[in-house]
Trainee: 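Here it is, the structure in full.
Numbering of ligands and ligand atoms starts at 1, following listing order.
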Amino acid sequence: MSQRYYPAESSSRGARRPFARAATTPSEPSERAFSDSGYGGSISEDVRNFDLSELSELNEDMPMPPSISTLTAPGADATDVDRRQHQMHIQQMHYNQNRVALSRSIYRTIDTLEGLQNMNQTWPIHYPAVQRPEPTPMQRKVSMTDDFFTPDTTGSPSMERFAPVRRALTSFDRRPSREVSRSGTPEPRLMSPQISQEFNILKLDLRIGSLSQSELVHSLEKESIASLLDNKLTQAIKHLRSLRDRIEDTASKVLVTGDLNAGKSTFCNALLRKKILPEDQQPCTEIFCEVLDCRVNNGVEEVHAIFKGATYDRMDERTYEARPLKDLEDIVIMVDKYSSAKVYVEDSRPIEQSLLRNGVVDIALIDAPGLNMDSVQTTAVFARQEEIDVVVFVVSAENHFTLSAKEFLWNAANEKAYLFIVVNRFDNIRDKVRCQRMILEQIANISPQTFNDSQDLVHFVSSNAVIDGKDPDKSHDFDNLESSLRGFVLDKRARSKLGPAKSYLLNLLQDLEQLALINNNIAGRELDALRSDLAQLTPKYDESVKARIAVSDECDRQIEDTCNAVYRNSRREISRTIDDVDKGNHIPWRGVFNSFQFAEETRRAMLESITRAVVEAEDGARRSTVSGVGAINALGVLHLKQEYVERTFRPDFMFKKKRDALGRHIKTQLDAFDFFDFDRQEKVAGMSMSLTVLSVAGSRMFNISSWIDGVVQATNIVGLRNAKRLIIPAIIAGVGAAAYWLISDVQRAIPKKLAKKIKRELAEMDYVHQNSERISKEVRKVLRFPAEELRSGFQKNIEGLKVKKEEATKRKGECEVAVKYFGNLLRESREHAGAVRRYDLEAASNH
Ligand SMILES: Nc1nc2c(ncn2[C@@H]2O[C@H](COP(=O)(O)OP(=O)(O)OP(=O)(O)O)[C@@H](O)[C@H]2O)c(=O)[nH]1
């Protein structure tokens, strides 16, 4: 076991005195100008090159080292004194150098984390995810199991350790179905417990409620992951702030913790060489007891029992109850009333022996409740770590490390590279060598650094033997422990006080580096994919816009052509039928006496033939519509492919509502004249009349008297009486003949007259045009459906492409920002971690 340092001799510490300003020795570091840029330059330069004289704060926070007289052994000469004083100054200067540098690093990291929080809102951070059984603590490395990542070419070991990553909150997910189907369960978007062990600070705590870790990973909504990370970052920022407060605090806080009944209180009492804290076989300390030098309480020894929920203020008695030391036994179990207690005690031992009153730094010794007392207390001990400079972990030699002890130590190792471990109750062990070996083996697993320095940091003692002082051997062991602890807290202040800040920063920066690396890689891939998407989307969008115009015109033309053809055909069909309406109606003639019925039937037959013609025109229109719809659908399929939704077209539904009701429109009434074709009869009558007129006029012109003479002569021949008898029958015969002639023409006259009448009525109502128009309108109406479908399909397609294009452009912008951001974060966290690593806290202690 190597020994890194040995405690400074106690005689080297003297009385406390105000700390004078450090001399601005023209030593190498002080001669260089100190850059005040917290973010611009490298920290290493900040630290190496600053001028102490410019920073008054460097010299203010620490008490001056003990006076010369107390620093030296009697008989030391002045040169020794000067040298020693000079050493103390240098030590203080280094301490302050590191303190300021760390403080700046903390602020710089807080800025980085705040930036990351902003980034997490616009570009939710990706986390690695694996589906593997939980490994043992010794098997933490996770190999790469997917091709999502290419091996890290940057030389960093981090990438190789990560399995495929998923984004906390992203719509851009290229392979969900494959991954989901492969795993059979939803892909976790969080770090798995395994991978989370690769992270130090930023791992998400999955130990919530009763769910197992893997159940929880799968049950979490992806939206909640971004907020989980956000919480984690907020916690880290808070922790950084408390670290900063801690390194600025001149006092050192030593937390004495460990398992229940391990002997923590006995150990504290042994350090104080006084029975202050109650010791019991039963678990007794249930609240935190902070033991301080009573000089900070005006030299009064007492307990300030702090009320639950109150923030302690020594000057405000409402926040606590002042009670005598003897009451502490009762106070430590009053968890319902008090949250903690400040125990002011007088340590009358000389300053070179006293821990509390050591002349260098104010030390507070905090006795914590046992870790496995209950979960609330355990959580409180975990939380208390933030403000602690040194952790003294008391473990019982009989019990070794329990699970809660290991958990605490792993957690503490995040920032406290060195832990002080007290193996108490060693007097109870028979085979001491074996016990030592076993405990050291366990420590090697839990905290390798502590193991390496176990000579100083691990002590096997029996605290109960110290105050009595009966067993000089045991007291000697404890003296060794005490001097190591004093050395650790006092001489190695840089390590004990600044060390946690350095360790925490390094761990955090390493996490940031890993996150940056992963996210930079993913953002780069996403950016490439988006660029190639956009390269395809833009011409596709332009083509679609052009095609929409062309197809829309084509549709209009198709509709127009079909409707015009339908109108023309309908018109031709109906006109032809109307023209020939009096032909082809074979109504049987059942005699003159049934002529009215004949006329009625003829009229009906004529109207029916016209109606039939209209129906035929409609059928023709249906056929044209079917082919029109087909042509439009073909256009849709050609241009929109599967995106075009072909509606089922039912031609039989056409012309259902607006049917032609010819019977209703044509009011053709039969009248007597419809039975006689006067046109023809008038022609016949006209001819006989004209003959009569001609003979009358001729006789008048030529010799009317001879006509009369003729009549008279005829009368004379047949006699007047005979003549009278002949004329009447002749007239009757003529009338009869005329009547017969008229009646015999009725069969022919009726269709002719009716056809004429119907044609006139149809012409008056513009029947042919009206119907052709109606039919073509219906066709237009029907054809508009697929045309509209096609147009809206195009519209949707174009809008979809537009949205995709806009989304891709937006995401591209985000990815560009992310690539740049995570690239910078990667560079910055590496460089920053390098700078923090170079803060040489040991150098300050070794002077
Ligand atoms: N034999 C032996 N007993 C010890 C030693 N240290 C402490 N004890 C005894 O162990 C018991 C518990 O000691 P405490 O100091 O009260 O233990 P604790 O860890 O403070 O207990 P809680 O605060 O209740 O968790 C007491 O009876 C002590 O006398 C030791 O070194 N050897």
Trainee: Any N/O of Leu260 closer than 3.5 Å to an N/O of ligand 1?
Mentor: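 No, no N or O pair falls under 3.5 Å.
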Trainee: Pull out every atom of ligand 1 sitting under 4.0 Å from any heavy atom of Gly370, numbered as shown with elements.
Mentor: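 Those of ligand 1 that fall under 4.0 Å from Gly370 are 25 (O).
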Trainee: Would you please say whether a donor-acceptor pair under 3.5 Å links the side chains of Tyr312 and Ser340?
Mentor: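 No.
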Trainee: The test is salt bridge (charged side-chain N to carboxylate O under 4.0 Å, His left out); show your working for Glu301 and Lys326 and say whether it passes.
Mentor: CA-CA 10 Å; Glu301 277 196 311; Lys326 65 178 174 49; over 6 Å; no
Trainee: Nearest non-hydrogen atom to atom 32 (N) of ligand 1 belongs to which of Ile429, Asp427, Ile287, Val394?
Mentor: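 Minimum heavy-atom distance to atom 32 (N) of ligand 1 goes to Asp427.
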Trainee: Centres of the Phe267 and Phe393 rings: under 6.0 Å?
Mentor: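 Judged by ring-centre distance (under 6.0 Å), Phe267 and Phe393 do not meet the cut-off.
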Trainee: Using a strict 4.0 Å cut-off to heavy atoms of Ser463, name the atoms of ligand 1 that fall inside it.
Mentor: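 Contacts of ligand 1 toward Ser463, numbered from 1: 31 (O).
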Trainee: May I ask which of Thr266, Asn261, Val332 has a heavy atom nearer to atom 15 (O) of ligand 1 than the others do?
Mentor: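 Selected option, by shortest heavy-atom distance: Thr266.
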Trainee: List the atom pairs, with distances to 0.1 Å, where a side-chain N or O of residues 315-324 and a protein N or O form a donor-acceptor pair under 3.5 Å, not counting sequence neighbours.
Mentor:
unit_1 : atom_1 : unit_2 : atom_2 : d
Asp316 : OD1    : Arg318 : N      : 3.0
Asp316 : OD1    : Arg318 : NE     : 3.0
Asp316 : OD2    : Arg318 : NH2    : 3.0
Thr319 : OG1    : Asp313 : N      : 3.2
Thr319 : OG1    : Asp313 : O      : 3.3
Thr319 : OG1    : Asp316 : O      : 2.7
Tyr320 : OH     : Arg314 : O      : 2.7
Glu321 : OE1    : Lys337 : NZ     : 3.4
Glu321 : OE1    : Tyr338 : OH     : 2.3
Arg323 : NE     : Asp327 : OD2    : 3.2
Arg323 : NH1    : Tyr338 : OH     : 3.2

Trainee: Say whether Pro278, considering both its backbone and side-chain N or O atoms, lies within less than 3.5 Å of an N or O atom on ligand 1.
Mentor: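 Checking ligand 1 against Pro278, no N or O pair falls under 3.5 Å apart.
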Trainee: Counting both backbone and side chain atoms, is some N or O of Ser265 under 3.5 Å from an N or O of ligand 1?
Mentor: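 Right, the criterion is met.
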Trainee: Check salt bridge (charged side-chain N to carboxylate O under 4.0 Å, His left out) between Glu302 and all other residues, then give those that pass, not counting sequence neighbours.
Mentor: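 Once residues adjacent in sequence are excluded, Glu302 has no partner under the salt bridge (charged side-chain N to carboxylate O under 4.0 Å, His left out) criterion.
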Trainee: Atom CG of Leu292 and atom CZ of Arg295: how far apart are they, to the nearest 0.5 Å?
Mentor: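 Rounded to the nearest 0.5 Å, the CG-CZ separation comes out at 11.5 Å.
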Trainee: With heavy atoms of Ser462 as the reference, note each atom of ligand 1 found under 4.0 Å away.
Mentor: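 In order of numbering, the contacting atoms are 31 (O).
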Trainee: Compare Glu398, Glu279, Lys264, Arg425 and give the one whose heavy atom is closest to atom 9 (C) of ligand 1.
Mentor: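 Comparing heavy atoms across Glu398, Glu279, Lys264, Arg425, the nearest one to atom 9 (C) of ligand 1 lies in Arg425.
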Trainee: Please check this pair: side chain of Lys502 against backbone of Arg837, looking for a donor-acceptor N/O pair closer than 3.5 Å.
Mentor: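 Looks like yes, one N/O pair under 3.5 Å.
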Trainee: Using a strict 4.0 Å cut-off to heavy atoms of Ala262, name the atoms of ligand 1 that fall inside it.
Mentor: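 Here the atoms of ligand 1 in question are 19 (O).
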Trainee: For Phe426, is the NZ or CZ atom of Lys432 found under 6.0 angstrom from the centre of its six-membered ring and inside 45 degrees of the ring axis?
Mentor: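 Yes, a cation-pi geometry.
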Trainee: Check ligand 1 against Asn428 and write out every atom of the ligand that is under 4.0 Å from a heavy-atom position of the residue.
Mentor: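 In order of numbering, the contacting atoms are 1 (N).
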